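Worksheet for the structure shown next.
Quantities reported herein were computed from a predicted structural model and do not represent experimental measurements.
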Amino acid sequence: MAIDHQQLRYFVQVATLRSINKAAGNLHIAQSALSRRMRQIEYDLGVDLFHRSPKGVELTAAGRRLLGRAASLTDDFRLLREFVTEPGAAPSHQLHVGMVPGPTLLLLNQLVVRFHRAAPDIVLQIVEGTTQSLTEQVAAGELEMAVVTDPPPHKRLHYRPLWAERLFLVTPPNMPARARMKRLPFVVPSQSPAIRAIIEQAMQRLGLSFHVDLEMPSSVSAKRLIASGGAYSIMPYSAIAEDFGGKSFAFDPVPDCTILRALACPQDRSNTAEGDILIGLMDKLVAELIAIDPIKGLLPVPGPRSVGSRRLRAGKHVPR
């Protein structure tokens, strides 16, 4: 069965509200019918889009990727319909923003909802990628801004510090000894050389030798393997924030080791009004998350200053 515009619109509602029941009420359809629609999309795509629980639903990594694209497609369809039926009407503006995977896990759900409320006529398009690919897209004018990790200096970009983030050793629950852990494969949820360099430095701080036994496409896939007792890894706080307090993993902070999340913007262009709205919402959301973070996995950084040199690193960051 082909996925149609209506199914995508239903998916966006469920994903943003994180509840099939609430979405069904907004869409004025039966909850059972909407649930079947979501199952059908998952079947057609061949992936799980939601983690389901009695409290509601949470997006999987695949679901988060689809949300940005589905929201864009539904808005494109709306614009197309407006263009055909109202040829004199002005099209809505679009805001193209990039994010590395960690901040996507941490911010996307709440940020999308808040931005839609603040700027309902703006189409927000989220692109996920590595720091290198996203900074290149910002420099080329393909993205207005991007949230990146510990970025190197770039002559065409300036960086605004957002927050610092601690790294954690993530192991299966009830691991009796580190010696036994070392016999498990070490999994890396990224193929980025820069991320590997960060992880290698973190392993050295823990007194562990660095070796990669397995690469996974995402931190969600890696965590499933770890929870089953089949591997261990080093991950930033954003990748595991939702898992603290649960029984699926054990966490040990890497001492004196943080990474910097920063906002990359072009040197020769000012932010649009909608870009400024998004930045304000992001700052507020990050401040709220830092305030309620019980283990200090997120740390505030000085701002708003350029981070084009190493001098502005907050705390003891791992060099890139």
Check for me, please, whether Leu106 and Phe251 land in the same ILVMFWY cluster - side-chain distances under 4.5 Å, paths through other members count. yes
For the residue pair Met99 and Arg64, establish whether any side-chain heavy-atom pair is separated by less than 4.5 Å. no
Without swapping roles, check the side chain of Glu144 against the backbone of Thr272 for a donor-acceptor pair under 3.5 Å. yes
To the nearest 0.5 Å, what is the distance between CG (Leu157) and CE (Met145)? 12.5 Å
Starting at CD1 of Ile20, measure out to CG of Leu34 and round the result to the nearest 0.5 Å. 6.0 Å
Can you tell me how far OH of Tyr232 sits from CG of Asp252, rounded to the nearest 0.5 angstrom? 12.5 Å
Main-chain N/O of Val170 paired with Lys223 side-chain donor or acceptor, under 3.5 Å: no
ILVMFWY cluster, Leu108 and Val113 together (side-chain gap under 4.5 Å): no
Compare all side-chain heavy atoms of Ile234 with those of Leu169 and state whether any distance is below 4.5 angstrom. yes
Salt bridge (Lys or Arg N to Asp or Glu O under 4.0 Å) evaluation trace for Asp283 with Arg160: CA-CA 11 Å; Asp283 285 343; Arg160 180 180 185 273; 2.7 Å; yes
With a 6.0 Å cut-off on ring centres, are Phe50 and Phe11 close enough? yes
Tyr159 and Leu260, any side-chain heavy atoms less than 4.5 Å apart: no
Would you kindly confirm whether Leu27 and Val57 end up in one hydrophobic cluster when ILVMFWY residues are joined by side chain heavy atoms under 4.5 Å apart? yes
Same cluster or not: are Leu299 and Val301 linked, directly or through other Ile, Leu, Val, Met, Phe, Trp or Tyr residues, by side-chain heavy atoms under 4.5 angstrom apart? no
Taken in chain and number order and not counting sequence neighbours, the residues that satisfy salt bridge (charged side-chain N to carboxylate O under 4.0 Å, His left out) with Glu200 are none
Between His51 and Glu58, is any side-chain donor less than 3.5 angstrom from a side-chain acceptor? no
Looking at Thr258 and Ala164, would you say the former's side chain and the latter's main chain have a donor-acceptor pair under 3.5 Å? no
Separation of Arg205 CZ from Met203 CE (nearest 0.5 Å): 14.0 Å
Consider side chain to side chain contact (heavy atoms under 4.5 Å, CB included). Of Ser221, Pro173, Ser219, Pro172, which one does Ile226 pass it with? Pro172
From Arg166 atom CZ to Ile259 atom CD1, the distance as rounded to the nearest 0.5 Å: 12.5 Å
Answer yes or no: is there a donor N or O on one side and an acceptor on the other, between the side chain of Arg156 and the main chain of Ala139, under 3.5 Å? yes
